[in-house]
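Just the heavy atoms: all of them, side chains too, but no hydrogens, waters or symmetry mates, feed the values below.
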Amino acid sequence: MNGPLVSPLSESVLLILLSLAERPRHGYSILKDVEEMSRKRVVLSTGTLYGALHRLLEDHWIERFVENESSRGRQAYRLTREGRKRLRMEIARMKNLTQLAGVRVVLKEA
C-alpha cells in the first residue's frame, strides 16, 4: 500500500465511524446501529461506546452537537472532515488487504 503507514482501526471504532458516516447520531442510536450493521455480532456496552467516543473526540474524528429536534437537548455526534478522511483511509486499507488475500488464495488453489 502506498502512502503513510496507518494503524488499523478496531472493529468497534470502525463500526462507530461507519454509523456516523451515514448521519449524526446520539449514543443509543449508535449502539443500535452497530448491532444492526454487525448482525448482533458486535454488541457494545455503554462504557465501551463512551470510552471510544471520548477517544474519537480527542482525536478530532468526531464532534458533539445538540440535536435541534430533541426536546431533551440530547447530545449527538457527527464525523468531522478528519474523521471522514480517516474512515476513507481505513476502507482503502481493507480493500487492499482483501485484494491481496484474494490473489494469494487463488494462486495457492491453482
Side-chain angles (χ1 to χ4, degrees):
M1 183 164 72
N2 295 334
L5 189 60
V6 176
S7 298
L9 299 178
S10 71
E11 186 174 15
S12 297
V13 168
L14 174 61
L15 289 168
I16 291 167
L17 293 176
L18 286 171
S19 179
L20 295 174
E22 183 181 44
R23 64 181 170 86
R25 296 177 190 272
H26 56 84
Y28 183 76
S29 178
I30 295 169
L31 283 176
K32 290 301 164 195
D33 194 40
V34 165
E35 282 184 32
E36 185 179 313
M37 281 189 289
S38 69
R39 297 186 177 116
K40 297 196 181 204
R41 194 177 45 75
V42 177
V43 179
L44 301 174
S45 69
T46 54
T48 300
L49 173 67
Y50 286 101
L53 290 174
H54 179 73
R55 287 188 305 278
L56 293 170
L57 286 164
E58 284 182 344
D59 291 340
H60 305 288
W61 293 359
I62 65 172
E63 61 188 2
R64 285 187 184 104
F65 73 103
V66 177
E67 292 180 303
N68 292 334
E69 63 275 2
S70 175
S71 60
R72 295 183 299 185
R74 232 178 353 198
Q75 283 199 355
Y77 303 89
R78 62 183 166 204
L79 280 183
T80 61
R81 179 175 287 131
E82 185 64 27
R84 200 165 290 279
K85 176 182 172 186
R86 184 60 181 86
L87 180 57
R88 282 194 300 270
M89 289 171 67
E90 179 67 3
I91 291 166
R93 186 193 70 79
M94 291 174 70
K95 281 181 183 177
N96 185 38
L97 191 58
T98 303
Q99 240 178 353
L100 176 62
V103 168
R104 295 287 175 108
V105 168
V106 168
L107 288 175
K108 184 69 176 171
E109 292 174 350

- [ ] Following the transitive rule for hydrophobic clusters with a side-chain heavy-atom cut-off under 4.5 Å over Ile, Leu, Val, Met, Phe, Trp and Tyr, establish whether Leu97 and Met89 coincide in one cluster.
- [x] no
Heavy atoms only: give me the nearest [X]-[Y] pair and the separation to one decimal.
X: Leu31; Y: Leu44; result: CD2-O, 3.2 Å
X: Tyr77; Y: Ile62; result: CD2-CD1, 3.9 Å
X: Tyr50; Y: Gly27; result: OH-CA, 3.3 Å
X: Arg25; Y: Ser29; result: NH1-OG, 3.1 Å

Open item on the list: Treating Thr80 as the side-chain partner and His60 as the backbone partner, does any N or O pair qualify as donor plus acceptor under 3.5 Å?
Closed with: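 Confirmed, Thr80 side chain pairs with His60 backbone.
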Open item on the list: Strictly distance-based, threshold 3.5 Å: is any side-chain N or O of Ser19 a donor or acceptor partner for the main-chain N or O of Leu15?
Closed with: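 Side chain of Ser19 to backbone of Leu15, a donor-acceptor pair under 3.5 Å: no, none is there.
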TODO: Could you walk me through whether Glu90 and Arg86 pass salt bridge (Lys or Arg N to Asp or Glu O under 4.0 Å), step by step?
DONE: CA-CA 6 Å; Glu90 179 67 3; Arg86 184 60 181 86; 3.7 Å; yes
Open item on the list: Do Arg41 and Glu11 make a side-chain contact, defined as non-hydrogen atoms from C-beta onward lying under 4.5 Å apart?
Closed with: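 Answer yes - side chains close enough.
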- [ ] Kindly indicate, with the supporting measurements, whether the criterion side chain to side chain contact (heavy atoms under 4.5 Å, CB included) is fulfilled by Ile16 and Trp61.
- [x] CA-CA 11 Å; Ile16 291 167; Trp61 293 359; over 6 Å; no
TODO: Go through the steps for Arg78 and Glu63 under the test side chain to side chain contact (heavy atoms under 4.5 Å, CB included), then give the verdict.
DONE: CA-CA 6 Å; Arg78 62 183 166 204; Glu63 61 188 2; 2.9 Å; yes
Open item on the list: Heavy-atom count check: over 12 atoms from other residues, nucleotides or ligands less than 6.0 Å from Glu82 CD?
Closed with: yes
